[in-house]
Asker: 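Take this structure, written in structure tokens, and hold onto it; I'll ask about it next.
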Amino acid sequence: PESSWLWEKHADSILCNIGLKPTVHKPCLYSGIINGNRVLLKRQVDNFAIAAPDATTADILLDMINDRLKIPVKRQGYLDMYNGIDVLQTRHYIKISVCSFIDKVFEQHLATWMKSTYPSPARSTPLPSDATFMKKFNSSSGDPDPKAQQKLAKTMELNYRSGVGELIWAMTTCRPDLAFTSVKLSQSNSCPHEIHYHALKHALKYLYNTKDDGLYFWRTAP
């Protein structure tokens with residue numbers, strides 16, 4: 001039962017011995033100077049992610065860790081996914097997105113309610129921009145009867161809370177453009193009206209249409 005705690009203690013002692021220091025607010029994130037370069041190391045149980053100016057510096061750091069382990073660290077190359085987040089590294093920028101996550105969760109949507117209302121490729125807005133629709137959206141309240149809610153969910157072929165949760169996951173990882181929409185929709189989690197479902201479907205279509213969007217971290221030089 002204590003294995004994870006003992007490993008954390010062991011890994012921490014190795015990293016500190018190398019010269020890395022845990023950051024104040026995130027003890028699992030370490031910072032230090034290796035090969036004359038600033039590096040960051042993220043430790044999640046027995047997984048390490050290293051941010052360094054070049055591959056040579058990362059390899060030197062991994063060699064230093066391996067010198068203190070009986071079983072060497074398995075090197076898996078450049079990071080392309082981390083905790084469900086896609087990572088694209090190019091000469092000019094690093095991009096993070098949740099395209100793989102969206103493709104996975106939308107398998108069910110595409111087979112049910114999106115089957116007959118497939119989203120057009122044209123970009124829209126996260127919520128309908130029609131003023132009349134939004135006025136009705138803000139003033140509507142769903143039937144609090146659990147049976148009525150179950151019937152509505154079955155008719156709409158969608159679990160409201162799950163749909164909102166998918167938006168929130170995308171928003172908190174790399175889609176800040178969904179922040180307002182996620183908050184507005186989550187306010188009706190306990191008792192959604194039919195119009196709230198239509199707004200949620202609109203937002204999910206927007207997410208699917210823009211699944212390749214994400215955050216770009218541009219390099220100062222190639």
Side-chain angles (χ1 to χ4, degrees), residues 44-45 47 49 79-89 93-217:
Q44 185 173 4
V45 191
N47 293 314
L79 197 68
D80 58 9
M81 178 171 282
Y82 192 79
N83 279 355
I85 301 172
D86 296 299
V87 182
L88 174 63
Q89 303 195 47
Y93 62 81
I94 297 174
K95 174 190 175 184
I96 62 172
S97 66
V98 285
C99 188
S100 297
F101 166 79
I102 292 171
D103 283 336
K104 183 66 177 177
V105 300
F106 270 77
E107 289 177 358
Q108 182 179 353
H109 298 325
L110 291 168
T112 53
W113 63 271
M114 281 178 67
K115 192 173 184 178
S116 57
T117 58
Y118 194 85
S120 69
R123 279 176 174 263
S124 58
T125 53
L127 281 178
S129 54
D130 181 72
T132 304
F133 181 93
M134 290 308 301
K135 184 176 180 181
K136 187 177 180 182
F137 174 91
N138 291 323
S139 61
S140 298
S141 179
D143 189 337
D145 182 27
K147 291 185 177 179
Q149 284 295 320
Q150 290 177 6
K151 183 179 179 180
L152 179 59
K154 186 176 181 180
T155 302
M156 302 303 292
E157 299 183 282
L158 178 64
N159 182 299
Y160 189 85
R161 290 186 180 182
S162 295
V164 173
E166 291 163 9
L167 290 173
I168 290 176
W169 165 252
M171 180 268 291
T172 55
T173 51
C174 61
R175 292 296 300 273
D177 56 315
L178 295 171
F180 174 79
T181 301
S182 301
V183 171
K184 288 295 292 183
L185 290 169
S186 64
Q187 291 172 352
S188 303
N189 269 349
S190 60
C191 190
H193 186 275
E194 182 178 342
I195 194 171
H196 298 137
Y197 273 93
H198 288 302
L200 174 60
K201 287 183 175 181
H202 182 102
L204 289 171
K205 288 180 182 180
Y206 171 84
L207 176 61
Y208 190 77
N209 277 335
T210 60
K211 63 182 180 180
D212 289 324
D213 287 1
L215 295 179
Y216 291 78
F217 299 88

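The analysis underlying the following values was restricted to heavy atoms, covering all of them including side chains, and did not include hydrogens, waters or symmetry mates.
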Asker: Could you go through residues 142-152 and list every donor-acceptor pair under 3.5 Å that involves a side-chain atom there, pairing it with any protein atom two or more places apart or in another chain?
Answerer:
residue, atom, partner, partner atom, Å
Asp143, OD1, Asp145, N, 3.0
Gln149, NE2, Asp143, O, 2.8
Gln149, NE2, Pro192, O, 3.1

Asker: Does the pair Ser100 and Met81 meet the rule for a side chain to side chain contact (heavy atoms under 4.5 Å, CB included), with working shown?
Answerer: CA-CA 9 Å; Ser100 297; Met81 178 171 282; 3.5 Å; yes
Asker: Per the salt bridge (charged side-chain N to carboxylate O under 4.0 Å, His left out) rule, what does the pair list look like for residues 98-109, sequence neighbours excluded?
Answerer: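 Residue pairs with at least one partner in residues 98-109: Asp103-Lys211.
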Asker: Can you name the residues that form a ring pair (Phe, Tyr, Trp, His ring centres under 6.0 Å) with His193, not counting sequence neighbours?
Answerer: none
Asker: Taking side chain to side chain donor-acceptor pair (under 3.5 Å) as the definition, give me every residue that meets it alongside Glu194, ordered by chain and number, with sequence neighbours left out.
Answerer: His198
Asker: Which atoms form the tightest heavy-atom contact between Ser97 and Cys174, and what is the distance?
Answerer: CA-SG, 3.5 Å
Asker: In chain order, what residues pass the salt bridge (charged side-chain N to carboxylate O under 4.0 Å, His left out) check against Asp86, with sequence neighbours excluded?
Answerer: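 None.
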Asker: Apply side chain to side chain donor-acceptor pair (under 3.5 Å) to Tyr93 and list each qualifying residue two or more places apart in sequence or on a separate chain.
Answerer: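 Testing Tyr93 for side chain to side chain donor-acceptor pair (under 3.5 Å), a comparison that skips the adjacent residues, returns none.
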Asker: Which residues pass the side chain to side chain donor-acceptor pair (under 3.5 Å) test with Ser162, not counting sequence neighbours?
Answerer: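 Side chain to side chain donor-acceptor pair (under 3.5 Å) check on Ser162 returns Asn159.
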Asker: Distance-only criterion, 3.5 Å: show the donor-acceptor pairs between side-chain atoms of residues 128-140 and protein atoms not counting sequence neighbours.
Answerer:
residue, atom, partner, partner atom, Å
Asp130, OD2, Thr132, N, 3.2
Asp130, OD2, Phe133, N, 2.9
Asn138, OD1, Lys184, NZ, 2.8
Asn138, ND2, Met134, O, 3.1
Ser139, OG, Lys135, O, 3.1
Ser139, OG, Lys136, O, 3.3
Ser140, OG, Lys136, O, 2.6

Asker: By side chain to side chain donor-acceptor pair (under 3.5 Å), which residues pair with His109, not counting sequence neighbours?
Answerer: Trp113, Glu166
Asker: Which residue pairs satisfy the side chain to side chain donor-acceptor pair (under 3.5 Å) criterion with at least one member in residues 170-180, sequence neighbours excluded?
Answerer: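 Qualifying pairs, neighbours excluded: Arg175-Asp177, Arg175-Thr210, Asp177-Tyr206.
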Asker: Nearest 0.5 angstrom please: Gln108 CD to Leu158 CG, how far?
Answerer: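 Separation between the atoms: 8.5 Å.
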Asker: Can you sort out the partners of Val87 under side-chain contact (heavy atoms from CB on, under 4.5 Å), two or more places apart, ordered by chain and number?
Answerer: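 With sequence neighbours excluded, Val87 shows a side-chain contact (heavy atoms from CB on, under 4.5 Å) to Leu79, Gln89, Ile94, Ile96, given in chain and number order.
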Asker: If you look at every heavy atom in Ala170 and Leu207, which pair is closest and at what distance?
Answerer: CB-CD1, 4.1 Å
Asker: Going through the checks in order, is the side chain to side chain contact (heavy atoms under 4.5 Å, CB included) test met by His196 and Gln187?
Answerer: CA-CA 10 Å; His196 298 137; Gln187 291 172 352; over 6 Å; no
Asker: Taking Val164 as the fixed residue, which of Thr181, Asn189, Val183 is the one that meets the side-chain contact (heavy atoms from CB on, under 4.5 Å) rule?
Answerer: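 Among the candidates, only Asn189 passes.
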Asker: Using the ring pair (Phe, Tyr, Trp, His ring centres under 6.0 Å) rule, collect all pairs that involve residues 149-177, keeping only residues at least two apart or in two chains.
Answerer: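 Residue pairs with at least one partner in residues 149-177: Phe101-Trp169, Tyr160-Tyr197.
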Asker: Would you give the length of the straight line joining atom CD of Glu157 to atom CE of Met114, rounded to the nearest 0.5 angstrom?
Answerer: 12.0 Å
